Amino acid sequence: MFSGTEPWSDGVTDNEGSLTEREVQRIVGLIEALERSSFDGLEVEIDGLKLTLGRGGTAGSSAASLSPNVRLPSQSAAPPAKTAAPQAAPPTAPAKAPAAKPQGAAQPGALEVRAPLRGIFYGRADPSSPPFVTLGAKVSAISTIGLVEVMKVFNAVPAGHEGEVVEICAEDGQAVEAGQVLLRIASGKASA
Amino acid sequence: MFSGTEPWSDGVTDNEGSLTEREVQRIVGLIEALERSSFDGLEVEIDGLKLTLGRGGTAGSSAASLSPNVRLPSQSAAPPAKTAAPQAAPPTAPAKAPAAKPQGAAQPGALEVRAPLRGIFYGRADPSSPPFVTLGAKVSAISTIGLVEVMKVFNAVPAGHEGEVVEICAEDGQAVEAGQVLLRIASGKASA
Amino acid sequence: MSVSRVFVANRGEIAGRVIRACRALGVETVIGVSEADRDSLPARQADRAVCIGPATAKHSYLDMKAVVAAAVGTGCDALHPGYGFLAESASLAQLCADHGVTFVGPTPEQIHRMGNKLEARLLARQLGLPILSGSEKVGSAAEALSVADRVGLPLMMKAASGGGGRGMKIVRDRNEIASQFTSAAAEARSAFGDDTLYLERYISNARHVEVQVLGDRFGHVIHLGERDCSLQRRHQKVIEEAPAPGLDPALRNAIREAALTLARGMNYQSAGTVEFIVDADTDTFFFLEMNTRIQVEHPVTEAVTGIDLVQEQLRIARGETLRYRQEDISLTGHAIECRITAEKPHEDFRPDPGRIDRWDPPQGQGIRLDSHCFAGYEIPIFYDSLLAKLIVHESDRDAAIRRMSQALADFRIEGVGTTLPFLAHAIQDEAFGAGRVNTNLVAQLIAEMTAQPKAGA
Amino acid sequence: MSVSRVFVANRGEIAGRVIRACRALGVETVIGVSEADRDSLPARQADRAVCIGPATAKHSYLDMKAVVAAAVGTGCDALHPGYGFLAESASLAQLCADHGVTFVGPTPEQIHRMGNKLEARLLARQLGLPILSGSEKVGSAAEALSVADRVGLPLMMKAASGGGGRGMKIVRDRNEIASQFTSAAAEARSAFGDDTLYLERYISNARHVEVQVLGDRFGHVIHLGERDCSLQRRHQKVIEEAPAPGLDPALRNAIREAALTLARGMNYQSAGTVEFIVDADTDTFFFLEMNTRIQVEHPVTEAVTGIDLVQEQLRIARGETLRYRQEDISLTGHAIECRITAEKPHEDFRPDPGRIDRWDPPQGQGIRLDSHCFAGYEIPIFYDSLLAKLIVHESDRDAAIRRMSQALADFRIEGVGTTLPFLAHAIQDEAFGAGRVNTNLVAQLIAEMTAQPKAGA
C-alpha cells in the first residue's frame, strides 16, 4: 500500500511557495518509476521540497510526526499509487493559498461566494450593526455579504450572484483563507 | 520494506527551488540504476538534492550514520524497518557533521588517524615539499601526518599512535569531514 | 517613578526600537505579544515575552486590562505604549497609574485633552496659535451648511475623536454637505464611538509640518526642530524628512515657537509632536493637532539632532530633568525616512501579507533601518503593513535624496509585494527634489507611476 | 579608462561593498565567484555572476588568468580587486592592462614597489620618512647576528615579500637568532616564494597608526586623516578607529604629512594606506609599509570624512581628477569598527564555519553594518572568517564606545561561534576607553576574558 506524504520539514519551509502543476506531474513520474521498480520507499529533498514514498506504512509513520500541513493520503484502503499521487498536490503556503475546495455538503445548484483574499471575515459592518445577510435573505449580485479585513484594510465582498442565501459558512470575526467559501446562494442567475 | 529518514532537520537553508525535468530524469535514472544493481539502498546528497532509496530497511539504518556525501551502503541483511525507523531522526547540518564511520575494509589491528575538524587536508607542507608520511613509514604519536586547513587556519594532525603507516585514505588537497579517517597505522602501541 | 523593567505594549519595529532604548539604559524589558507574534523578532529581543491574547488586536494589543495585567504580573514598573494601538489612550495611562506602573508618556489629562481634537483646537486658540477658520463643533447638517456659508468651500470635515488622518472628508459641493455629514457622523460613531464632527477650511496647496517637542516633569520644554511629512497617501505619511525643506526662516521660526507655546501652555511632559498645516500659497500656518506619543517618523529628528528620543522618553518617565536646554539643540545635515509597507503599489496598494523569502537590506554609510522583518518572517494579516523604516542622513538634502535613491535600489525583498518601487519613483521626482512638496504630490506620483510600464520583475 | 562594467574580483562583504559603489555611479557589475560562492549574497547583488573555478581559492580567486579571462569574456572594461586575494598583485594589474581592462587601483609599478617591503622602506628613507633602525636585508644568520649587535634586541624579523602582519617573528634572545633565521627564511620561501628577510627594531609599547590617502592620475594627492588599528590579534586587526585617539597634535600632523610625502613622492594614484608604528613611550613614529588597495577598515574614514572611498577609487580609475582638495577634508566625530569573525574566542579563536541559523543585526542611529551574511547562510570553510564589519559613528569617542557596546550587545548570531563576546569585552575595557591602546592590548584582553567564567549561552 502506498502512502505518500510531503513533510516540508519544519515550520519555516512550510510557508514557502506552492507546488505547481508541473511539479506534481514530475512527482507522479517519480512515483510511477518507483512503482515499476521493486523498491519499497523513496525520499527526495530538493531545496524546499521533500518527498517520501513508502510501502507498508513505513513512510507514513515516520512522516506523521512531521509537518502539521500537508498530510495526504491517510486514506487507508487507498488504491495504488496511481490515484493517490495526484491528490498529493496540495499544500501551498497559507498566505498564498489558492481557492480552497468547497467545504461541507454542497447543495445541488447552490452557488458559492468565496473570500477574495486571506483575512478576517466580518459578517456585519460593526458589532452594533445587523448582519449584512441572514439565512433566507434575497441578494443581488452587488449586495455586500461581508467584509474581509487584511492588514487593517477592509474589502467588501459582493454576493456575485442573485438568489437566496441558503447557507452561511463563515462566522463573524473568523480568519478565512483566500477562496474559502463564505456562503452559498440558491437559484437565481449568476452574474459578474 | 522502506524506512523513511529525514536527515535534514533544519530546513531553513532550503530556500525555494523546484524539481526540474532534468532532476526528475536523474532521479529516475538513479532508481533504475539501483534496480539493476545488487545494492539495497542509496542515499544521495548533491547540492540541494538529497535522495534516499532503499529496500528492506537498509536506507534507514545507513542514514543514521551518514555524512552528507554520496554513499552506497554495503550492508546487506539489515533488520526490519520498525527498528530502523526511529533511528531516522539523525541529521545534523553538513557543517556540523559528526564523526564518520570508518570507511573501507579495516585491517585487523589497524589504528585510525582521523581528521580533527572539517577542512581541507594537505599531505605535505607545501607543493614543493615531500609528503609528511608515505606508505610504510614509521611514525611516533607526535609525528605530523598532515594539515587540515579551515578558514585559512592550518591545524597539524598528529599520528596519535606509534607504528607503521599501512594505508593513506585522504588525498592532498581533498576536503575532509571531521572524524574522517585520514590514514591507518599498524601495530605499535597507541598513545595520547 | 522607578523605571527598571519596562513592559513593551506594542509590536513590530517600534517594539524593537523601545527594547533597544531600554537596553541602552540598562533597563529590562518584557513584551506582551499576541498569539500571532509569539515568534516575532521583538519577542526574541526582549528579555521576556508574554502572550496577552489572540491574534486579533482587539483581544490583545487593544485589550487594556490584559496589557496592564500582564505588565503587573511580570513585575514591570513601567510601560511603553509605542505608537498606534493604545498609545494615545488616556484610560491606559490612568490604568497604569492606578496599578503603580509608570506610563512612559504624558499624563492622562494631557493625552485626553489632545485626544479630543476640538479641545486641542480650543486650547491652541486660547494660547494664541493660528487655527483654521471653521467650526468648533457641528451638531447637524444644517449647522454644517451655515459654517460652509460663513467660511466658504472647500472644507475638511473631521471627527473630533479622530486624528492621525482618520475620519476625514473633503467637502467641495454645497449640495453634498447633508449626505456627507450623515455618513461622516455614522463612520465616526462606528470608528471612535463618538460622532462629534467639526469643519475646517481646506487648504489645497498644503504642506504638513510638525514640530518635535520634549518636556519633563519640571516644566522644561524644548523643541527639536520640525519635520516635513507632506508626502501622504490617504492621509497616511509615506516619506518624511527633517528639517522641512525650503521654509522661509521667519515662518520656520514661528512654527517652532507656536509648538513650544502649546507644549509649555500645558506643561507637556514626554515626547510629543505638534502638527501644523502650512498653506504653501500664502506662507501661513495653522495648528492641526498634537500627538502625545512617539511618532513613526521620529528617526529623522534623531538623525539631525543626534538625540535618542525614546531614551529621552524613558529618562523623563523616571523623573529626570531634561538633559538639554534649547540652546544645546543644533541640527546637522538632512534626514529622510521612507516607510516600506507590504502593499502592491501597482495594484492600488493592495495589502500583500505572506512570507518574506528574501530580505537583503541596503548597507553603507548614512543608512539606518528600523524593522522587525527578516528572511523567513511570515507577515501576519492582523496588523498594519509597515515592514521597515529606511532612514538616511547626509550633509544636505540633495545628498540625502541620492543616498535614499541608492538605498531603495539596493533593498531586495522577495515573497511579498512592497512599496519599494513606488518609493524609488517618488524619491527621484523632480518636484520632490526641488522641495515642492504638498499633500497632493503622492497622488500625482502614483498616477505617473501606474501610467508607466511596470518595471521588470 | 572607461569604467562602465566592473568585474568584481573578490567575495564576501567587500564584493558587496564594491557592487554598491558601482551601482551608485550607474556602473554595471559582474562578479566572479568560486563554486562555493554561487549562491552568495554578492552573487545575487551583482548584475551578473560567473563561476571562475572551484572552491579552493588557489584555483579561483587566486587564479589570475581565470579572473582576467572572465572579466574580458563578460565584457567588463574595469576590474576591482577588493582586498586580499590578488588585490596587491602587480601581475594582475599588468594582466588587466594587457587586456585593455582598467584596474581599479594604482599602477603595476606602484603595487610592485610597495609590495616589496624592503623597496618601500628604501623609498621612504629616500623621501626623508623616519624608518626603524635595522637592516635593509639579511642574507645569513651571521648577518642577522651583527644587525642585532648594532641595533640591539628585541628585533622584529620580517619577510620582504610579506606585509599585512604575515611572516613576522620577534627576536628576543641572541642565542635564538640563528634558528629563527632559518625557520623564518623557510616559511617566507614557502608562503611568498621569496626568502628575503630583514630586521627592524621591535617597539614594545607600540601603536599602529595608518593614514588614508587618495591620489589621481594628475599628481594630486590628499590624505583623509588617520586610523588607529592598534588592537590586533596575531598581527590581524580586530578593532579600528578614526581619528587616532590621544595623539599629540604635532605628532598627528607629522604622521599625516609623512604619508603625503610618500604618496606624492611616487605620484600615487587610487586609494592607499600608509602604515606607521608609533612608539607610545617616546611619541615618535616610523614608516612600516604602504597598502596599495582599499583596506578592510576603510569605513571608519568614510564615517568621519563623509567620503565614499570605493566610489572615489572608481572615479580615479576612470580618469577623473580628485574632487577634493586637502582643505575640503574635515573630520566630524569619531568612528569605530569591529571585525566580527566566525571564531570561538573561548577556544583560542578556533574557526567555526557552519550554517548561520540566526542573524539579527543591531539597528539604530549611527550604526553601519557591512556584511555578506544572512540567516541561513552556510559559511564556507575555504575562505577567511570575517562575517561582518560593525561600524559606529558618534560625536565623540566616548559616545562611539557606548554605541558600539550597545550594538554588540544587540547583535544576535546563532549557529556559529563568533567573536562578539570578545569584542563586547574589549570595547568596555578601561584602558581602551582611556585611549591607552597598543598592539599588546588584545592579548591582555583575551587573557582577562578567558580567566572570567564564560558568559551564559
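Just so you know, these numbers come straight off a predicted model, no measurement behind them.
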Notebook entry, point to check: Taking atom CD of E430(D) as the centre, does the number of heavy atoms from other residues, nucleotides or ligands within less than 6.0 Å exceed 12?
Noted result: no

Checklist line | Derivation and outcome, side chain to side chain contact (heavy atoms under 4.5 Å, CB included), residues R368(C) and I367(D) | finding: CA-CA 7 Å; R368(C) 167 177 173 184; I367(D) 292 173; over 6 Å; no

Does any backbone or side-chain atom of [X] lie under 4.5 Å from a heavy atom of chain D? Answer side chain, backbone, both or neither.
X       : value
S371(C) : both
A303(C) : both
Q406(C) : side chain
L369(C) : backbone
R412(C) : side chain

Note to self: So for R402(D), is it side chain, backbone, both, or neither that comes closer than 4.5 Å to the heavy atoms of chain C?
What the structure shows: neither

Margin query: Can you tell me which portion of L41(D) sits under 4.5 Å from chain C's heavy atoms? Options are side chain, backbone, both or neither.
Written below: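 It is the side chain, since no backbone atom gets that close.
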
Next item on the list: Please step through side chain to side chain contact (heavy atoms under 4.5 Å, CB included) for the pair D308(C) and Q365(D), ending with a clear verdict.
Entry: CA-CA 8 Å; D308(C) 189 303; Q365(D) 185 67 22; 5.9 Å; no

Item checked: Pick from A409(C), S395(C), A24(C), A21(C) with the largest number of heavy-atom pairs that fall under 4.5 Å of chain D -> A24(C)

Next item on the list: May I have the step-by-step check of side chain to side chain contact (heavy atoms under 4.5 Å, CB included) for D360(C) and R44(D), ending in yes or no?
Entry: CA-CA 10 Å; D360(C) 298 338; R44(D) 305 177 185 177; 3.5 Å; yes

Item checked: chain C interface, residue from E302(D), R17(D), E394(D), R20(D) that has the most non-hydrogen pairs under 4.5 Å -> R20(D)

Checklist line | Residue pair E13(C), Q363(D): steps toward the side chain to side chain contact (heavy atoms under 4.5 Å, CB included) verdict | finding: CA-CA 10 Å; E13(C) 69 86 19; Q363(D) 299 181 1; 5.7 Å; no

